[in-house]
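Report on the following structure.
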2 protein chains.
Amino acid sequence: MTAQAREEARPATISRVAELAGVSRATVSRVMNGSSTVAPELSERVRAAAATLNYQPSVLARSLAVGRTSTIALVVPDLANPMFQDVLRSLSHAAATRGHRLLVADSEENVAEEGLIAVEARRRCDGLVLCAPRMPDEELAALAPQLAPFVLVNRDTAGLSVPSVNVDYAAGMRDLVSHLLGLGHRRFAYLAGPPTSSSNQLRLSTLRGFAAAGKLELAELDCGATFSDGHAVAGRLIDGVCTAVIAYNDLVAFGALSGLHELGVSVPHQISIAGFDDIPFARYTTPPLTTASVPPSEIGQEAWQRLWSLLGGEPAAPDIQFRPRLVVRGSTGPAA
Amino acid sequence: MTAQAREEARPATISRVAELAGVSRATVSRVMNGSSTVAPELSERVRAAAATLNYQPSVLARSLAVGRTSTIALVVPDLANPMFQDVLRSLSHAAATRGHRLLVADSEENVAEEGLIAVEARRRCDGLVLCAPRMPDEELAALAPQLAPFVLVNRDTAGLSVPSVNVDYAAGMRDLVSHLLGLGHRRFAYLAGPPTSSSNQLRLSTLRGFAAAGKLELAELDCGATFSDGHAVAGRLIDGVCTAVIAYNDLVAFGALSGLHELGVSVPHQISIAGFDDIPFARYTTPPLTTASVPPSEIGQEAWQRLWSLLGGEPAAPDIQFRPRLVVRGSTGPAA
DNA sequence: TTGTATGCGTTATCAC
DNA sequence: GTGATAACGCATACAA
């Protein structure tokens, strides 16, 4: 490669455009940003020069000068979860409407590194949407200054004055329980998610409330958050310990459903089973899954809306809590 | 807010650390990067100063100076497609192993803007993984210089010398057809994906080859790439035009399956149906879906591996083509 | 309206 | 080993 070729290979800079157009860099900058009033003649010269050099302003240098990257970060505990995928998609779309791009970081359920990942991701962007349901309150509070501006999704704010968009898991759980009680169920099993998950704690405490009130008997089974977790626990459901199963989420419910099917247990005739989230394919399982529907794409939109306010130096809209919608499908039926 | 408070609110810079530690910025930089040999005493002073000021180097400024962002972009046509979600996840994980972050851009099936989006996303990063199956060859060729270094996923390279990781759709389709022929099917319907999709063209031409050879009769039904596309077309399958249906992808197959179920058509007894991709829930539909399995997470890994080579100035590994694996499940059976 | 000069926060080159 | 100083590429007060 000749020296000249190498020179041409390197992206053109604003200086070279200015030189070619016979103007100052400032003028080029003004033209490129469409700002100020530049003489039509000069403007045209600049455009021509930019075109021949195939000039593209450096986003990096621009960001450094302006102090803004037009990029936000999303940190989630598990990209494999359809819930987060939908949040990702809707957040990406919403941010795009304001010319912002999305940087995605997956902590891979690694609670220990979650904080570092979040901080690191945040430092590359202007703001952050954080889904870290298992991060301890103290850690979150300690990290908050480094994460700001940011918005919390799917966890309580730990007393911080941080905008959040949440789901009213307690209400969703109450609806599911009421539905199952109405079908005559009294002996319940809960397939518990990650113990440190705040949403799991909310669901669990709601169930315990019912149990304490004598409305139902509750068996708590440690499980997890994935399909295989649910699948693995199916064997423990067939000893007649319960007639109704509520899973931590749809994924777990799916797994249990599949496992029970393999064990020859008929759902909902022998056991009713309900999930949580209403992920896209919940309606296409066999039988279709009764669940509490949370709207992930609205979550992304609301999160963006709040982060956008923060980026503009304005106060964010009030915290929002989505009330899950009970969706009754074929996986729940009258108690045996 | 007082002037002092505002000053403290602004992130500390390398200059302030240098000032506090009584050294030059260069020394601070050396300490922070663990490079060179710095006198232990100075090193300690710098660390202390950095700690008290809560100093975090600016990624932005660093990127500008080094000429590298340690970020790559992924452009996909549809984030809602589970296939791309898996590619996203695996690419993100693979890149993370080398300290790289992932910027994601969704063209939302908007072929017209896909080029602009790709270029814009690329300019924020060091490299790009491009899934743009519908982008015309000429446009891709024209954009290539601006996109480099980049890797193509899921489309032919249009004669460009660009690393690519692909799926051998023709082979997968041949396996599906052989399977169905073996079950006695002769009258086939193909639920066609987007006409401009290169993978759709590959699947279609393979099917036409069988038809031309007199091995089967082929009805081509314009459809699409989504669940609802498949659902909408179900009504056109019940006039006895075929005994076997091959869908553009699993999503479409799902939709058709669901639509046929609503129409009271029994699968696979009246009609056999097969998908393509083997997305996670393909095995949990009713009946479970026969499909050609492509490994999305390996796609992400292979794409990263090639991009990583390119970023290092080395030639990328040879193009790779994954051979889909035929997965026979309950949605296909003997011809009626 | 246009140009000059300076700042954005680093890293890297070169003297010392 | 350490410190000035010049890049990196752009935006923007300020002056003209």
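- Taking the ring centroids of B:His93 and B:Trp304, they lie at or beyond the 6.0 Å cut-off.
- Axis angle across the helix from C:dT1-D:dA16 to C:dC16-D:dG1, with five pairs used at each end and values rounded to 10°: 40°.
- B:Glu41 comes within 4.0 angstrom of nothing in the nucleic acid, heavy atoms only.
- Within the 4.0 angstrom heavy-atom criterion, only backbone atoms of the sugar-phosphate kind lie near B:Leu42; the bases stay farther away.
- The closest donor-acceptor contact from the side chain of A:Gln85 to the backbone of A:Leu79 lies under 3.5 Å.
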**Request:** Go through A:Thr71 and B:Arg124 one step at a time and tell me if the side chain to side chain donor-acceptor pair (under 3.5 Å) criterion holds.
**Result:** CA-CA 10 Å; A:Thr71 301; B:Arg124 296 173 180 248; 2.8 Å; yes
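- Heavy-atom minimum distance, A:Leu64 versus B:Leu60: N-CD2, 3.6 Å.
- Side chain of A:Ser43 to main chain of A:Ala39: no donor-acceptor pair is present (N/O by atom type, distance under 3.5 Å, no hydrogens or angles).
- Under the 3.5 Å distance criterion, the side-chain polar atoms of B:Arg122 are matched with a main-chain donor or acceptor of B:Cys125.
- Within 4.0 Å of B:Val23, counting heavy atoms only, lie sugar-phosphate atoms of the nucleic acid but no base atom.
- With rounding to whole Å, B:Ile14 atom CD1 is found 12 Å from D:dG3 atom P.
- Inspection of the B:Asp126 and B:Thr69 side chains reveals an N or O donor paired with an N or O acceptor under 3.5 Å.
- Distance, B:Glu19 CD to C:dG9 P: 14 Å, rounded to whole Å.
- In this structure, CZ of A:Arg16 is placed 11 Å from P of D:dG9, rounded to the nearest angstrom.
- Between A:Asp156 and the options A:Asn166, A:Leu140, A:Asp137, a side chain to side chain contact (heavy atoms under 4.5 Å, CB included) holds for only A:Asp137.
- For the pair A:Leu64 CG and C:dG9 C1', the computed distance is 6 Å after rounding to whole Å.
- Rounded to whole angstrom, the span from the CG atom of A:Asp126 across to the C1' atom of C:dC8 amounts to 14 Å.
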Output a table of nitrogen or oxygen pairs between the protein and nucleotides 12-16 of chain D separated by less than 3.5 Å.
none

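- Contact between the side-chain N/O atoms of A:Ser24 and the OP1/OP2 oxygens of C:dG3 is found at a separation under 4.0 Å.
- Side-chain contact of A:Ser164 with A:Arg155: a donor-acceptor pair under 3.5 Å is absent, judged by distance alone.
- Note: CZ (B:Arg45) to P (D:dT2) measures 9 Å, nearest angstrom.
- A straight line from CE of B:Met32 to P of C:dT10 spans 9 Å, rounded to a whole angstrom.
- For the pair B:Leu60 CG and D:dC10 P, the computed distance is 13 Å after rounding to whole Å.
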